[in-house]
Each structure stands twice: as structure tokens, then as C-alpha cells.
Colleague: 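Sharing a structure, written as C-alpha cells. Questions coming.
Everything quoted here is computed from the prediction, not taken from an experiment.
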Amino acid sequence: MAVTTYEAPQLEYIEGENKLANLYFTQDTEVNAFSSYDIERSINGTHFQKVNELPFYFVANDEQFDEVMTYVDSLPDNDNVYYYRVVGRSSFNTLSEPSEVLEVQGVPERMKMNLKISNHEINEQLDIYWIDLEESYDDSLQGFNVYRSVKNAGPYEKVNGDLIAAHERSYRDMDPLKTGYYKIEAVDLYGHEYESYEVLVQAEDEEPPAVPDGLEGHFTSSNALELHWVSNTESDLEGYRVFVANAKNDQFVEATKYPLKESHYVYYFDGSFSMDSLYVSLVSLDKRENHSQKSTPIGFARPDAIPPADPNLFKVMPTPEGIEIGWSFSSSDDVAWHKLQRRYSSGGSWDDVLTINPEDEDQYEEEGTTMGATNWIDTTELEQRSYDYRMVAMDDSYNISSSKLKYVTPYSDMAEGDVTDFELELEELNFAPNTDYEVLLSNLEKEGYETSQLRSTPSSDYALQLKWKYPMNSTVQDFQILRAVTGNTMQVYKTLTPAQALGYVNAEVEITGAVGTIDLFYTDNALEKGKRYVYQILVRHVDGSTSKRSVSLNKKVPVN
């Protein structure tokens, strides 16, 4: 009869705690399907006794066979060494060979130790003391370590080589930091470590750190200056402060609220403030607040983010010779060029029509900037459609500004018909007091109220009456009123149907044939006092032809 044998479980390792032993063992359950385990302990490594009263079961994961099993056993004491082994038991109550024997000893709990640095003395060397620690700890300790760091939060480095003897209560650092943080560590016989709180140690120091050097910078935007410099090498360096001014001889103002730990800084400023340069100076300081002298101020030319003043395109007029264009150049003194540009009014990209460099501006200048002034004539053969024009200016820093857009339709030789007897009259409009308001004021006076300051005199406003004559027939499509304030370009202001020009605002008029030259009119009351208005009349026909423009008439609206 064949007898099944089982490989022994593998006792991997044991950890000792305070009167506890933690056993870790494994078994390949694909080969040996143990249903339970026996844990055995010995005081001498020879005679073992089972310590688990009940079978120790372990449920394996179906997808993982090499499971780590853990068993915790209570130790009688921490003074003796104990030996352990594990035996597997099958479902048929067959025992495996015992595992390898491992030993363990209990580890007492951490001591209650108040470890702290009691005092220190520093000159060329540093002596630190922890004299408050009782001598009764000496037999329980392996020794001490001393750690130091330039920062409170670390990282800390060990200063001593070998452990300082357990009976010692001081240590001498032969090459101490000028400013540093120190702490003590005690190590007991069982490997427990005990740390003191860190203590700041500073040598007597009135010597400031070196003046920062190697300052460089560049503008990353219209309101940001990025600075870099060479890092100082002092071990007790606290940081840097940055000072700025708008001129080399101006008063420098600190830009940093706190000392900078790194040797770089981005200074943000008001981008709308007009200045040519920024000057920067640096100061370093140590942990004793010793400040270096200010570094030599370095100037950084500020990029020009302000576009040039807008050119003024005040005239775009169709003539038989071409489009007469009038403008005044940008008044800025850093303009690199002006460009006259054109595009379809319906949209699309701009085409450069004319480029004018500063040295050529005098070839295009005209005296004055009245509506009659013409700087240049665009003689390009254009389609009979609406075009937009603008004048743009670019400065040395590639900032661009533009005039307002002006639109125009090229001159057409299909003009027929003349607008005659064009007149322009100023009318004063008087407004009588409101009678209901007067009744209200009278009732208030009867009740004893003073109303003299509430009363008002009749006010007046103005309107401009346009009158003209034109041969009316069935080919007339509409009348265009062109208007401009003196100094600006003439533009279409209103378009009137024949009925509206005859005075029939809410009626339709059908003209089936020639009715002769008739009187037409329009009243403009959208006026501003103190301004002069210029008008022309243009008649459009259904076949696309137009009349000739009327003469120009102008009137100034009184201020009072």
C-alpha cells in the first residue's frame, strides 16, 4: 500500500515584539493541500510542544497558491530565546515533516525617555549637551547620534561616525554650521530610536553675505520681468530681496514681500504705466538678518506695448479720376510705416494699396485737414461695388493702430439728372409749458408750498430743413441724404422713398410717368448744438444709374 508523503511547510521568518512572536510561513497548496497546521515551540531547540490548542486553518486564494500565513504566539518572557517550527496536517490527519526551526526573542516596549538638548556653546566649534538625561538609562542604551540640517524640516545628516557611548552627555562638532538645526538620537539595546526636538544654533555673526552677482532678465510680457542671478554660497544664507526703480537714480522700492529662497524671480508690474526701462538691484541676507550692500542697478529696456496714435482717414470720395483719399498721419514719433488698405465692404482680407515710410511722408502731406484736402488718388480700376478703406500705422515694436473705416462706391459715368434749387434752412423749435404740470404747481401753491424753483421757461431746440427740386418720373428709385460734420467724410445718412421725399410718411406713391420737376424736402432734427453739418443730395434710379451729386450746403447749429 502506497503512503502519501507531504513536503514540510516553509517557515520564512519570525518577528519578535513585546512578549509576542509573529510567525510567517508558506506552503505550495497545489502540491500539498493541508487542511490545518500545528505550531510548535521549544525552549532548547530540541523538545517541541504544540502551542495552538485548536487546529490552525488558513483559507487560500483560488487564484494564488503561494500565500503567506501568519500566526501570533504569546511569549512567556522577553529574556529567553525561543525556537519555533510548523507542521502541516492533511484532511486525512496525516502530518507532514516539520519545517525549518527558527529562533526569536521578545523585544521590550519602548522606554519613556525625555531626550532633549540641554545647552550648547559655539565659537570655532560647537559643543552640545543633553545633561538632563538620567544615568539610569545607560545600561539600556547602545549609544547616541547627533544630526544637523540647514533647515528646520531637514533633511538631516549624521555628524558623528560611530555611536557616541551610552554614558556620554555631550558632543563636539569641529566644523559646525554658522546657522543650523541640531537634534540628538538615542538607540536602545533593542534597536528602538528616540529623537529630541531640533534646536537652532547660531554662531556670533555680524558679517553680511556677499553681494548677489550675475543679474540677468528679460520681459516675458508687457507687465512681467523674469530675473535670474548667480546663487550665493554662504551656508547660513536666508535669501534675497529684489528692489526696483523706474530710473537708475530714483529711489528703489522693494518688490519682494519675503526673502526669496531661490535665485530667480518674476516681477509683475502695471503694464499700463508708461516707462522706458526698469532698474533692478539685489540684496542678500543671512539667517542673522545681516544684509549685503545693494548690487549695482541693472536696467532692462521695457518692450513697447502701446500702439501708435491712430491715423485719421477723413476723406474717401469717388471721382472720375479715381478715389480721392485724405488722411493725417499718426502723431507718434516711433512709427515705422503707414499703410493704406482696401477690401470689399462685404468682407474678406485687406489689400495693401499704399505703403509710406517715415522719410516719404512729406510727399503725401497736404496743408490742413479739411474735407477738401486730398493726399492721394487711388486710380486702381475697381468693380462697381462698395469698398472699405483704412489707414494703419505700425511702430518699431510691431504695435499696430488703425483709423476708422470709410466706405465708398467708385464713380459711375451713368450719372443722369440734376438736383436743383437745393436749400438748407435752420428752424427753431419752441416747446410750450405742460398745462397739466402748471395745474399741479398751482395746487401745491394753494397748500402753502414754495414752487418757484420747480417752474421752468419754455425750451427751444433746432432742426435743419432740406429742400430741393428734381424731375420726377417712374425711373426714380430713392433719394440719398449725405451728411457730414465738418472735418469728417461725407456718408449716406438717410435713404428716402419718393413718397417720403414728397412728405407722405405713411403712404405709398406710385409714379407711372414723368410728372415734371417737383419740390422735395426732408427735416433733420438729430442734431447736436454747436456743430456744423454739411449735406448733399444724390438720386438713385432703378436701372442703377444715379444723378449727379448736388452742391454742398452747411449750417451751424447754435449753442443756445
Colleague: Could you state the interatomic distance from CH2 (W337) to OG (S330), rounded to the nearest 0.5 Å?
Modeller: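 Atom-to-atom, W337:CH2 and S330:OG are 11.5 Å apart.
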
Colleague: How about Q491: does its CD atom have over 12 heavy atoms from other parts shown lying under 6.0 Å from it?
Modeller: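 Yes, enclosed.
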
Colleague: The criterion is salt bridge (Lys or Arg N to Asp or Glu O under 4.0 Å); which residues satisfy it with D360, sequence neighbours excluded?
Modeller: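 Testing D360 for salt bridge (Lys or Arg N to Asp or Glu O under 4.0 Å), a comparison that skips the adjacent residues, returns none.
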
Colleague: Rounded to the nearest 0.5 Å, what separation is found between the OH atom of Y240 and the OG atom of S292?
Modeller: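 Those atoms lie 9.5 Å apart.
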
Colleague: Below 3.5 Å, can you tabulate the donor-acceptor pairs from side chains in residues 252-259 to any protein atom, sequence neighbours excluded?
Modeller:
from: E254; atom 1: OE2; to: R241; atom 2: NH1; distance (Å): 2.8
from: E254; atom 1: OE2; to: T256; atom 2: OG1; distance (Å): 3.1
from: T256; atom 1: OG1; to: V242; atom 2: N; distance (Å): 3.2

Colleague: Are D250 and Y279 packed together at the side-chain level, in the sense that at least one heavy-atom pair is separated by less than 4.5 angstrom?
Modeller: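 Not in contact.
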
Colleague: Please indicate whether E207 has more than 12 foreign heavy atoms, meaning atoms of other residues, nucleotides or ligands, lying under 6.0 Å from its CD.
Modeller: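 Count not over threshold, so no.
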
Colleague: Does NZ or CZ of R342 come closer than 6.0 Å to the centre of the six-membered ring of W350, within 45° of the ring's axis?
Modeller: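 Ring-cation test returns no.
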
Colleague: With rounding to the nearest 0.5 angstrom, report the NZ to OH distance, K556 to Y462.
Modeller: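 Taking NZ in K556 and OH in Y462, the distance rounds to 12.0 Å.
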
Colleague: Which residues satisfy the salt bridge (Lys or Arg N to Asp or Glu O under 4.0 Å) test with E198, sequence neighbours excluded?
Modeller: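 Result, salt bridge (Lys or Arg N to Asp or Glu O under 4.0 Å) vs E198: none returned.
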
Colleague: Classify the ring geometry of F329 against W327: parallel below 30°, tilted from 30° to 60°, perpendicular beyond 60°.
Modeller: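 Plane angle over 60°, so perpendicular.
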
Colleague: Judged by modelled atom types alone, do R385 and S345 share a side-chain donor-acceptor pair under 3.5 Å?
Modeller: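 No pair is found: no donor N or O on one side chain lies under 3.5 Å from an acceptor on the other.
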
Colleague: Before you tell me yes or no, could you show the steps for R343 and D351 under salt bridge (charged side-chain N to carboxylate O under 4.0 Å, His left out), namely the whole-Å CA-CA distance, both residues' side-chain angles and the distance that decides it to 0.1 Å?
Modeller: CA-CA 6 Å; R343 72 174 182 185; D351 293 326; over 6 Å; no

Colleague: Once the angle between the rings of H228 and H264 is folded into 0 to 90°, is it parallel (under 30°), tilted (30 to 60°) or perpendicular (over 60°)?
Modeller: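 H228 and H264: tilted rings.
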
Colleague: Heavy-atom count check: over 12 atoms from other residues, nucleotides or ligands less than 6.0 Å from Q363 CD?
Modeller: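 Buried by this count: over 12 neighbours within 6.0 Å.
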
Colleague: Give the C-alpha distance, both sets of side-chain angles, the deciding distance and a yes or no for ring pair (Phe, Tyr, Trp, His ring centres under 6.0 Å) between Y344 and Y387.
Modeller: CA-CA 5 Å; Y344 294 129; Y387 289 86; 5.3 Å; yes

Colleague: What's the spacing between Q477 CD and T495 OG1 if we round to 0.5 Å?
Modeller: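 Going from the CD atom of Q477 to the OG1 atom of T495 covers 9.5 Å.
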
Colleague: Answer yes if the ring centres of F300 and F219 are under 6.0 angstrom apart, and no otherwise.
Modeller: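 Ring-ring flag for F300/F219: false, centres at least 6.0 Å apart.
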
Colleague: Between D236 and K287 (salt bridge meaning N to carboxylate O under 4.0 Å), is one present in this structure?
Modeller: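 Between K287 and D236 there is no salt bridge, as every charged N stays at least 4.0 Å from the carboxylate O atoms.
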
Colleague: Find the distance between OG (S332) and CE (M394) and round it off to the nearest 0.5 Å.
Modeller: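 Output value for this atom pair is 13.0 Å.
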
Colleague: Do the side chains of M472 and Y470 get nearer than 4.5 Å, heavy atoms only?
Modeller: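 Not touching, per the 4.5 Å side-chain cut-off.
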
Colleague: Strictly under 6.0 Å, is that where the ring centroids of W468 and Y522 end up?
Modeller: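 Between Y522 and W468, which both carry aromatic rings, the centre distance is not below 6.0 Å.
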
Colleague: Rounded to the nearest 0.5 Å, how far apart are NZ of K315 and OG of S328?
Modeller: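 Spacing of NZ (K315) from OG (S328) equals 13.5 Å.
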
Colleague: Does the distance from a Lys or Arg side-chain N to an Asp or Glu carboxylate O, for D388 and K406, drop under 4.0 Å?
Modeller: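 Judged by the 4.0 Å cut-off on N to carboxylate O distance, D388 and K406 do not form a salt bridge.
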
Colleague: Hey, is CD on Q384 packed in by over 12 heavy atoms from elsewhere, all under 6.0 Å?
Modeller: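 Enclosed.
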
